[in-house]
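Comments concern the structure below.
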Protein chains: 2
Amino acid sequence: MSDAALWSALADPHRRAIVALLLERPRPVGEIVEACGLSQPSTSKHLKVLREAGLVRVRQDAQRRVYALDPAPIAALDAWLEPYRRLWNRSLDALGRRLDETSDDT
Amino acid sequence: MSDAALWSALADPHRRAIVALLLERPRPVGEIVEACGLSQPSTSKHLKVLREAGLVRVRQDAQRRVYALDPAPIAALDAWLEPYRRLWNRSLDALGRRLDETSDDT
DNA sequence: TTCTTGCATTCCTTGACTGGAATATAACTG
DNA sequence: CAGTTATATTCCAGTCAAGGAATGCAAGAA
């Protein structure tokens, strides 16, 4: 659940695809394998990385394992993003002011 | 500026540290080298990755190159995060409801 | 218990990334 | 122009992650 694990988990495009799949609804491994076009072992390894980063949780259903998103780490990302978002808003403000000034020329 | 470049640029902890440094203020390479404790070449390579991901911009000042954050890619990350943030809010709501119900027991 | 299904783990190979040392380059200085 | 400063690039290991094939393992079915 460390920050580093979170970032490196999401750095991989296949894992981001899995996360997006799980955003729609929880799914068993088989569905994920089919959807992302990787081999089953490879998919299982990605799921392990996501699990260890705290991004997904597993529930056992007979022989199947149903994976679901855990929303908590998202909050961590959001918190990381916060100061940058402030920077972004400031620059939007600056752009707005510049546009206002420019509009005086017309 | 692709999504993939953005994620893999931020996947590295040194690069996140550089980004955090530049959040405070723009800095020349020398300062960044000193602050993150890497060799100058290694730092320059990280800066190149950040540049190619669109996260930073360079301004030349005599022999120095002053790097600054470009706030635009932050918006992309924020957009990516949006649907997950909604999920997170839903789960907070659910938690709130459960706590409300539990409070009836007292 | 034996067979099958669904998933995890191990082994191995390959390709990508990282860091430092050495080197190149561009801009200022005298 | 020669020298110096600030940064980028190249070269070269060492490390690590990713993918497939083969294998292991647990849970149900017969």
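In this text the structure is predicted, and so the values were computed from the model without any measurement. Throughout, a chain's letter reflects where its sequence line sits, starting with A, and its residues are numbered from 1.
Comparing atom distances between the B:S44 side chain and each of D:dG20, C:dG6, D:dT7 picks out D:dT7 as nearest. For B:D12, the listed nucleotide lying nearest its side chain is C:dT18; candidates were C:dT18, C:dG19, D:dA27. Side-chain proximity of B:L38 to C:dC7, C:dT18, C:dG20: nearest is C:dG20. When each of C:dG19, D:dT7, C:dA8 is scored by its nearest atom to the side-chain atoms of A:P41, the top-ranked nucleotide is C:dA8.
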Can B:L6 and B:L55 be said to form a side-chain contact (heavy atoms from CB on, under 4.5 Å), step by step?
CA-CA 8 Å; B:L6 182 59; B:L55 278 161; 3.7 Å; yes
One pair to check against side-chain contact (heavy atoms from CB on, under 4.5 Å): A:R15 and A:L10. What are the steps and the verdict?
CA-CA 6 Å; A:R15 287 195 289 265; A:L10 289 174; 5.9 Å; no
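Taking atom CD of A:Q63 as the reference point, atom C1' of D:dG24 lies 17 Å away to the nearest angstrom. Here D:dA8 presents its C1' atom at 11 Å from CD of B:Q60, a figure rounded to the nearest Å. Counting to the nearest Å, the P atom of D:dA6 and the CG atom of B:D61 are 11 Å from each other. One atom, CH2 of B:W7, and another, C1' of C:dA16, lie 20 Å apart when rounded to the nearest Å.
Contact annotation: A:R15 reaches the phosphate of D:dA18 (side-chain N/O to OP1 or OP2, under 4.0 Å). For A:H46 and D:dG19, the shortest distance from a side-chain N or O to OP1 or OP2 is below 4.0 Å. Residue B:Y67 has a polar side-chain atom (N or O) positioned under 4.0 Å from OP1 or OP2 of D:dA8.
Nucleic acid contact class of A:K45 (heavy atoms, under 4.0 Å, all strands): base.
In this model, a side-chain donor or acceptor of B:Q40 finds a partner on the base of D:dA8 within 3.5 Å.
A donor atom on one side chain and an acceptor atom on the other are not found under 3.5 Å apart for B:R59 and B:Y67.
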